[in-house]
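In what follows, a single structure is set out as structure tokens and then discussed.
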Amino acid sequence: MAGKQVRDGAVQERDFFQDVMDVVRQVPRGRVTSYGAIANYLGAKRSSRIVGYCMNNAHAVRPKVPAHRVVNRIGLLTGKHHFATPTRMQELLQKEGVKVKDDRVVDFPKRFWDPMKELRV
DNA sequence: TCCATGACGAGAT
DNA sequence: GATCTCGCCATGG
């Protein structure tokens with residue numbers, strides 16, 4: 001579990017970056033999640049920016065992280081510009097059955113995969 | 001050591 | 001209802 005809630009300055013076994021990557025890798029195919037959801041799951045719902053920032057290095061992580069399944073809270077492909085090509089993210093999603101229109105996930109609430117709701121319990 | 005930036009989110013105007 | 005500003009924390013210069 002990536003739910004390593006670091007607090008009280010406890011020893012950070014896993015970097016925030018690793019935690020984010022781990023959660024993203026757990027996103028099922030054909031589903032999408034949001035930065036806020038990941039941050040929330042990690043216990044830092046207000047640190048959604050950090051999640052996105054860490055994704056900058058996601059392309060250099062192995063195994064590859066399905067960053068294309070991570071969008072902002074409104075289902076907008078905000079990070080598509082960070083892919084090899086701006087259309088790469090959209091194509092990958094559509095390939096997995098996620099319809100994308102105008103750089104935005106169709107039926108986002110329906111495709112939304114909340115780690116806190118799915119991995120929780 | 002301090003300042004600036006960032007693949008976001010939510011509240012306020 | 002749409003637009004703007006602030007906050008949040010981590011990483012880099």
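Labels below follow one simple rule: chain letters A, B, ... track the order of the sequence lines, proteins then strands, and each chain is numbered from 1.
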(request) For DNA chain B, note the earliest and the latest nucleotide, 5' to 3', having some atom under 4.0 Å of a heavy atom belonging to chain A. (result)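 It runs B:dG6 to B:dA10.
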(request) Using the test ring-ring contact (aromatic ring centres under 6.0 Å, His included), find all partners of A:Tyr53 that sit at least two apart in sequence or belong to another chain. (result)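 With neighbours one apart ignored, the set is empty.
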(message) Under the rule for ring-ring contact (aromatic ring centres under 6.0 Å, His included), what residues qualify as partners of A:Phe83, not counting sequence neighbours?
(response)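 Not a single residue meets the ring-ring contact (aromatic ring centres under 6.0 Å, His included) criterion with A:Phe83.
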(message) Applying side-chain hydrogen bond (donor to acceptor under 3.5 Å, both in side chains), can you list everything that pairs with A:Asn57, at least two apart in sequence or on another chain?
(response)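 Listed in chain order: nothing, the list is empty.
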(request) Please name all residues satisfying side-chain hydrogen bond (donor to acceptor under 3.5 Å, both in side chains) with A:His59, sequence neighbours left out, ordered by chain then number. (result)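 Residues passing side-chain hydrogen bond (donor to acceptor under 3.5 Å, both in side chains) with A:His59: none at all.
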For residues 67-78 of chain A, tabulate all N or O donor-acceptor pairs below 3.5 Å that involve a side-chain atom, not counting sequence neighbours.
| unit_1 | atom_1 | unit_2 | atom_2 | d |
| --- | --- | --- | --- | --- |
| A:His68 | NE2 | A:Glu96 | OE2 | 3.0 |
| A:Arg69 | NE | A:Glu96 | OE1 | 3.0 |
| A:Arg69 | NE | A:Glu96 | OE2 | 3.4 |
| A:Arg69 | NH1 | A:Val27 | O | 2.8 |
| A:Arg69 | NH2 | A:Glu96 | OE2 | 2.8 |
| A:Asn72 | OD1 | A:Ile74 | N | 3.3 |
| A:Asn72 | OD1 | A:Gly75 | N | 3.1 |
| A:Asn72 | OD1 | A:Leu76 | N | 2.6 |

(request) Not counting sequence neighbours, which residues clear salt bridge (charged side-chain N to carboxylate O under 4.0 Å, His left out) with A:Glu91? List them please. (result)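 Applying salt bridge (charged side-chain N to carboxylate O under 4.0 Å, His left out) to A:Glu91 gives none.
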(message) Under the rule for salt bridge (charged side-chain N to carboxylate O under 4.0 Å, His left out), what residues qualify as partners of A:Asp114, not counting sequence neighbours?
(response)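 Scan of A:Asp114 (salt bridge (charged side-chain N to carboxylate O under 4.0 Å, His left out), adjacent residues dropped) gives none.
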(request) Looking at every strand, decide which applies to A:Asn72 at a 4.0 Å heavy-atom threshold: base, sugar-phosphate, or nothing. (result)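 The answer is sugar-phosphate, as A:Asn72 gets under 4.0 Å only of primed atoms, P, OP1 or OP2.
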(request) Have a look at A:Ala67 and say if it touches a base, only the backbone sugar-phosphate, or nothing, with a 4.0 Å heavy-atom cut-off. (result)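 Counting heavy atoms under 4.0 Å across all strands, the contact made by A:Ala67 includes a base.
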(request) Return each pair, listed once, that meets side-chain hydrogen bond (donor to acceptor under 3.5 Å, both in side chains) where at least one residue sits in residues 100-112 of chain A; pairs must be two or more places apart or across chains. (result)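 As it turns out, the side-chain hydrogen bond (donor to acceptor under 3.5 Å, both in side chains) pairs with a partner in residues 100-112 of chain A, which skip direct neighbours, are A:Lys80-A:Asp103.
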(message) Quick one: does any side-chain atom of A:Gln90 pair with a main-chain N or O of A:Pro86 as donor and acceptor, under 3.5 Å?
(response)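 The answer is no, because no donor-acceptor pair under 3.5 Å joins these two groups.
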(request) Would you mind building the protein contact string for nucleotides 1-8 of chain C? One character per nucleotide, 5' to 3', B for base within reach (heavy atoms under 4.0 Å), S for sugar-phosphate only, - for untouched. (result) ------BB
(request) Determine which pairs satisfy ring pair (Phe, Tyr, Trp, His ring centres under 6.0 Å) with at least one residue from residues 90-116 of chain A, sequence neighbours left out, and list them in order. (result)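 Found A:Phe108-A:Phe112.
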(request) Quickly work out the A:Lys45 NZ to C:dA10 P distance and round it to whole Å. (result)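 In whole Å, C:dA10 P lies 16 Å from A:Lys45 NZ.
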(message) Just to be sure I understand the geometry, which residues of residues 82-98 of chain A put a non-hydrogen atom under 4.0 Å away from DNA chain B?
(response)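 Per residue number, the list reads A:His82, A:Phe83.
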